[in-house]
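See below for the structure under consideration.
In this text, all values refer to a predicted model and were calculated from it rather than measured experimentally. First the proteins, then the strands, lettered A, B, ... as listed; each starts at 1.
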Protein chains: 2
Amino acid sequence: MTAVAHRERDDLGTASRIMDVAEALVQVRGFNGFSYADIATQLHITKAALHYHYAGKADLGGALITRYATRFAAALAAIDADGGPALRKLAAYADLYLRVLRENRMCLCGMLAAEYQTLPQPMRDAVITFFDDNEAWLETVLQDGTRDGSVKFAGGSRAAARLIVSTLEGAMLVARSYGEPARFQAAAEGLLAGFAAGRA
Amino acid sequence: MTAVAHRERDDLGTASRIMDVAEALVQVRGFNGFSYADIATQLHITKAALHYHYAGKADLGGALITRYATRFAAALAAIDADGGPALRKLAAYADLYLRVLRENRMCLCGMLAAEYQTLPQPMRDAVITFFDDNEAWLETVLQDGTRDGSVKFAGGSRAAARLIVSTLEGAMLVARSYGEPARFQAAAEGLLAGFAAGRA
DNA sequence: GTCTATAGGCAGATAGAC
DNA sequence: GTCTATCTGCCTATAGAC
């Protein structure tokens with residue numbers, strides 16, 4: 001058995017475990033709300049070991065966004081693969097947010113958007129790219145929805161896509177403060193109700 | 001001329017000036033993104049002087065939210081005083097957010113909502129109260145709108161009020177990262193279009 | 001009310017042994 | 001790869017002079 005195969009079974013590798021812990025810390029406390037010491041403590045390693053894997057906090061932050069964006073893109077691809085009407089895809093999209101919120105976490109990039117002015121430039125760029133990618137995917141879904149007749153909306157698909165991202169991020173932000181995922185669900189339902197062609 | 005009268009003309013008092021600077025710092029960088037040193041530098045005073053006015057950062061933070069909430073309540077009262085249809089009040093409400101965003105700032109409580117898990121309890125409570133107050137005001141406006149015929153919405157007025165707060169906070173969060181207030185305007189227009197009874 | 005000086009701790013980061 | 005040890009700097013906060 002190779003080392004890689006072994007890792008796949010019961011060890012994700014230190015670099016990956018560092019990201020898991022750091023990701024949760026950013027989503028819960030923010031990038032300016034945790035330190036290398038916090039990660040080291042949770043993993044029972046030293047701060048020096050962290051610096052071996054990620055030279056600095058900025059590097060770690062950049063890697064976090066990249067991985068998060070990759071996972072999100074995979075989730076969107078999975079929604080596409082499932083097929084179904086566009087309106088159903090929008091509901092599945094909102095459900096992605098809900099699953100994050102249920103772990104008492106904010107969207108990684110939503111959290112970083114709040115701290116945007118304090119982030120190093122590479123992290124800023126990665127956050128923007130994440131939102132751009134989400135917007136692009138939603139725009140496609142909305143256009144498909146016009147064709148399959150499941151979705152309706154006034155104005156352009158781009159503006160509608162942006163409205164969806166903004167609403168879900170904001171609903172997450174507020175609902176998490178209350179510790180009430182149900183607030184997010186209600187907001188998502190209200191939002192999507194406005195996009196449902198059924199009652200048009 | 002009394003000392004107070006003098007202050008009203010060209011001096012807001014040190015405590016007030018500290019809050020002005022701190023408020024901007026929180027709205028731009030977050031509560032965990034600035035220090036007493038930042039305030040002291042901008043005001044050309046020492047950190048020790050800050051501690052005379054606000055014993056600790058948590059005290060300052062609490063005072064910031066209280067003042068912000070008071071000002072916001074006054075702005076809402078002003079909107080009510082202006083009268084007009086409920087839909088117009090909703091537009092005026094969104095405009096309050098836009099004016100903050102134009103200064104490249106996040107809503108104070110929206111920013112603190114992101115950092116919620118790192119805040120001392122008194123600040124958490126004050127943030128929630130701010131949202132509760134906004135929701136209550138919006139609910140009243142929405143109910144008035146149903147009566148005056150300018151507003152329509154599916155579901156209850158409470159859910160609708162929450163959707164409005166969430167959408168505006170989220171639109172602010174995202175638009176500020178892009179440095180494009182126009183994104184917020186578009187989102188606000190899209191949101192309010194869904195509440196306009198004109199095309200029902 | 002504002003200052004100088006300083007305490008005590010934690011931040012991110014590095015050197016070098018193992 | 002991970003450790004111990006350490007550095008430098010910044011953080012919040014306090015004591016005490018003026």
Side-chain angles (χ1 to χ4, degrees), chain A residues 2-4 6-8 10-26 28-65 112 115 117-124, chain B residues 2-4 6-8 10-23 25-26 28-65 112 115 117-123:
Chain A
T2 67
V4 169
H6 179 263
R7 265 200 229 116
E8 281 169 356
D10 61 4
D11 179 15
L12 295 161
T14 302
S16 183
R17 270 179 286 142
I18 290 169
M19 284 222 269
D20 291 340
V21 173
E23 184 180 73
L25 283 166
V26 174
V28 173
R29 302 179 54 87
F31 192 71
N32 296 325
F34 80 100
S35 72
Y36 263 34
D38 295 320
I39 305 173
T41 299
Q42 285 192 44
L43 290 177
H44 304 293
I45 57 178
T46 61
K47 289 184 291 174
L50 295 179
H51 282 285
Y52 170 80
H53 295 280
Y54 301 98
K57 203 181 174 186
D59 304 273
L60 173 56
L64 284 177
I65 306 174
L112 295 176
E115 301 176 291
Q117 298 294 333
T118 71
L119 300 180
Q121 194 60 48
M123 288 184 67
R124 292 188 186 189
Chain B
T2 67
V4 168
H6 178 264
R7 265 201 230 114
E8 282 168 357
D10 60 3
D11 180 15
L12 295 161
T14 302
S16 182
R17 270 178 288 142
I18 289 170
M19 284 222 268
D20 291 341
V21 172
E23 183 181 74
L25 283 167
V26 175
V28 173
R29 304 180 53 90
F31 192 70
N32 295 325
F34 80 99
S35 72
Y36 263 35
D38 295 319
I39 305 173
T41 299
Q42 284 192 43
L43 290 177
H44 304 292
I45 58 177
T46 62
K47 289 183 288 176
L50 296 179
H51 282 284
Y52 170 80
H53 295 280
Y54 301 98
K57 205 181 173 185
D59 304 273
L60 173 56
L64 283 178
I65 306 174
L112 295 176
E115 301 176 291
Q117 297 294 335
T118 72
L119 300 180
Q121 195 60 48
M123 286 184 69

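A straight line from NZ of B:Lys57 to P of D:dC10 spans 15 Å, rounded to a whole angstrom. Nucleotide C:dC10 holds its P atom 17 Å from the CD1 atom of A:Ile39, rounded to whole Å. Following rounding to the nearest Å, A:Leu50 (CG) and C:dC10 (P) show an atom-to-atom distance of 17 Å. Taking atom CZ of residue B:Arg17 and atom P of nucleotide C:dG1, one finds them 11 Å apart after rounding to whole Å. Put simply, CD1 on A:Ile18 is 11 Å from P on D:dG1, counting in whole angstrom units. The distance from atom NE2 of A:His51 to atom P of D:dA5 is 17 Å, rounded to the nearest whole Å. With rounding to whole Å, B:Asp38 atom CG is found 13 Å from D:dT12 atom C1'. Spacing between atom OH of B:Tyr36 and atom P of C:dA11 amounts to 19 Å, rounded to whole angstrom units.
Remark: the backbone N or O of A:Gly13 is not paired with any side-chain donor or acceptor of A:Ser16 at under 3.5 angstrom. Without hydrogens or angle criteria, B:Glu115 side chain to B:Phe31 main chain gives a donor-acceptor distance under 3.5 Å. Side chain of B:Tyr36 to backbone of B:Ala48: no donor-acceptor contact under 3.5 angstrom is found.
Distance check, rounded to the nearest 0.5 Å: NZ of A:Lys57 to CG of A:Asn32 gives 6.0 Å.
In terms of position on DNA chain C, the residue among B:His44 and B:Lys47 whose nearest nucleotide sits closer to the 5' end is B:His44.
Contact check for B:Leu60 versus B:Met19: side-chain heavy atoms found under the 4.5 Å cut-off.
Listed nucleotides C:dT14, C:dC3, C:dA11 differ in distance to A:Ser35; the shortest reach to its side chain belongs to C:dA11. The listed nucleotides are D:dC3, D:dG1, C:dC3; the one nearest the side chain of A:His53 is D:dG1.
Across its full length, the helix from C:dG1-D:dC18 to C:dC18-D:dG1 shows an angle of 0° between the axes of its 5 terminal pairs at either end, rounded to 10 degrees.
Residue-level contact check: A:Tyr52 touches the bases, meaning some heavy atom is under 4.0 Å from a base atom. Here B:Tyr54 lies out of heavy-atom contact (under 4.0 Å) with every strand.
A:Glu23 pairs with exactly one of A:Ile18, A:Leu64, A:Val28 by the side chain to side chain contact (heavy atoms under 4.5 Å, CB included) rule, that one being A:Leu64.
Taking side-chain N and O atoms only, A:Thr46 has a distance below 4.0 Å to OP1 or OP2 of D:dC3.
Shown here for A:Ala40 and A:Leu50, the closest heavy-atom pair between the two residues is N-CD1, 3.9 Å.
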